[in-house]
Amino acid sequence: DAGVIQSPRHEVTEMGQEVTLRCKPISGHNSLFWYRQTMMRGLELLIYFNNNVPIDDSGMPEDRFSAKMPNASFSTLKIQPSEPRDSAVYFCASSSGVNTEAFFGQGTRLTVV
Amino acid sequence: GIQVEQSPPDLILQEGANSTLRCNFSDSVNNLQWFHQNPWGQLINLFYIPSGTKQNGRLSATTVATERYSLLYISSSQTTDSGVYFCAVVLFQGAQKLVFGQGTRLTINP
C-alpha cells in the first residue's frame with residue numbers, strides 16, 4: 001500500500017484566498033484524522049471522521065475551516081478565507097478503526113503571505 | 001483533558017550512546033503510539049504499544065498502563081536517529097483521537 005497520500009506537499013497562497021488540502025487514506029481504513037502542527041501548539045487534532053461521518057470537529061479553529069469526506073477514499077480540508085496565522089503543516093492520518101494504529105501522510109506545508 | 005508529558009524536552013548525545021525517553025499521561029488510555037518525526041517532517045510509526053514491551057532492532061518500548069507511563073529506549077544511537085520523538089495516546093473513555101505530547105528533540109552528534 002502507498003500509505004496515506006496528501007496533496008499538495010507545499011502550498012503558498014495570499015491572504016484571503018481559498019486553500020484546499022487533499023487526503024487519500026490507506027485503502028480499507030475507516031477512520032480519518034486531520035491534524036495541524038505549529039511550533040506554538042504542537043500537533044493538534046482538527047477533525048476526525050469514522051465511516052465518512054464527522055465524529056469530532058471540536059478542534060476546528062473557526063468557521064473559515066471546513067472538512068469533507070465524500071467517500072471512503074478521499075477527504076478535503078478547506079480554508080476560506082486563509083490568513084497568515086493558518087500557516088502550518090497539516091497532516092492527514094488514517095486507521096482501520098477505533099483503538100488501532102494510526103498512520104500519517106507526509107503533510108502539507110501551508111504558507112499564507 | 002488528558003495531559004501527555006514527555007521528558008526530557010531536549011537530548012544531545014554522541015553517536016553510539018543509549019537513551020531513554022519518557023511519556024507520562026494523566027488518565028487511562030486505550031492506545032499509545034510512539035512516532036519519530038525526521039528532519040524532513042515525516043511522522044514515522046515506531047510502536048503501537050498500549051501495554052507491555054516491544055522491540056524492533058535497536059529500539060524498544062515499554063508501557064505500564066497501570067502506572068500511566070511509557071518508555072522508549074534507543075540503543076547504540078546513530079545520526080539518523082536525530083529528530084523529534086512523539087508519544088500519542090487515545091483516552092480509555094471519550095473521543096477516539098490521538099493526543100500528542102510536546103515531543104523530545106534528540107540530536108545525535110557524530
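Convention: sequence-line order gives letters A, B, ...; per-chain numbering from 1.
Under a hydrophobic-cluster definition in which Ile, Leu, Val, Met, Phe, Trp and Tyr are linked whenever side-chain heavy atoms come within less than 4.5 Å, directly or via other members, A:I47 and A:V4 are assigned to different clusters. Linking Ile, Leu, Val, Met, Phe, Trp and Tyr residues whenever their side-chain heavy atoms come within less than 4.5 Å places A:M69 and A:W34 in a single cluster. B:L13 and B:L21 fall within the same hydrophobic cluster, defined by Ile, Leu, Val, Met, Phe, Trp and Tyr side-chain heavy atoms under 4.5 Å apart, directly or through other members. Using a 4.5 Å cut-off between side-chain heavy atoms of Ile, Leu, Val, Met, Phe, Trp and Tyr, with links allowed through other members, B:V64 and B:V90 fall into different hydrophobic clusters.
Here CZ of A:F104 is found 4.5 Å from CZ of B:F35. Values are rounded to the nearest 0.5 Å.
Contact annotation for A:E44: neither backbone nor side-chain heavy atoms come within less than 4.5 Å of a heavy atom of chain B. For A:R41, the part lying under 4.5 angstrom from a heavy atom of chain B is the backbone only. In this structure, chain B has a heavy atom under 4.5 Å from the backbone of A:T100, while its side chain stays farther away. At a 4.5 Å heavy-atom cutoff, the contact between A:L43 and chain B is made by backbone and side-chain atoms alike.
Nearest heavy atoms, A:Y35 versus B:K97: OH-C, 4.3 Å. Nearest heavy atoms, B:Q37 versus A:F91: NE2-CZ, 3.6 Å.
Within a 6.0 Å sphere centred on CZ of B:R22, heavy atoms belonging to other residues, nucleotides or ligands number more than 12. Within a 6.0 Å sphere centred on CG of A:N71, heavy atoms belonging to other residues, nucleotides or ligands number more than 12. For A:E14, the CD atom sits in a loose shell: 12 or fewer heavy atoms of surrounding residues, nucleotides or ligands are nearer than 6.0 Å. Heavy atoms of other residues, nucleotides or ligands lying less than 6.0 angstrom from CZ of A:R109 number 12 at most.
Across B:V99, B:L43, B:I44, the residue that shares the most heavy-atom pairs under 4.5 angstrom with chain A is B:L43.
Under the 4.5 Å side-chain criterion, counting only non-hydrogen atoms from C-beta, A:F33 is not in contact with B:L98. Residues B:Q33 and A:S95 have side chains not in contact (no heavy-atom distance under 4.5 Å, counting atoms from C-beta outward).
Although no hydrogens or angles enter the test, the distance criterion places no donor-acceptor pair under 3.5 Å between the side chain of B:N31 and the main chain of A:E101.
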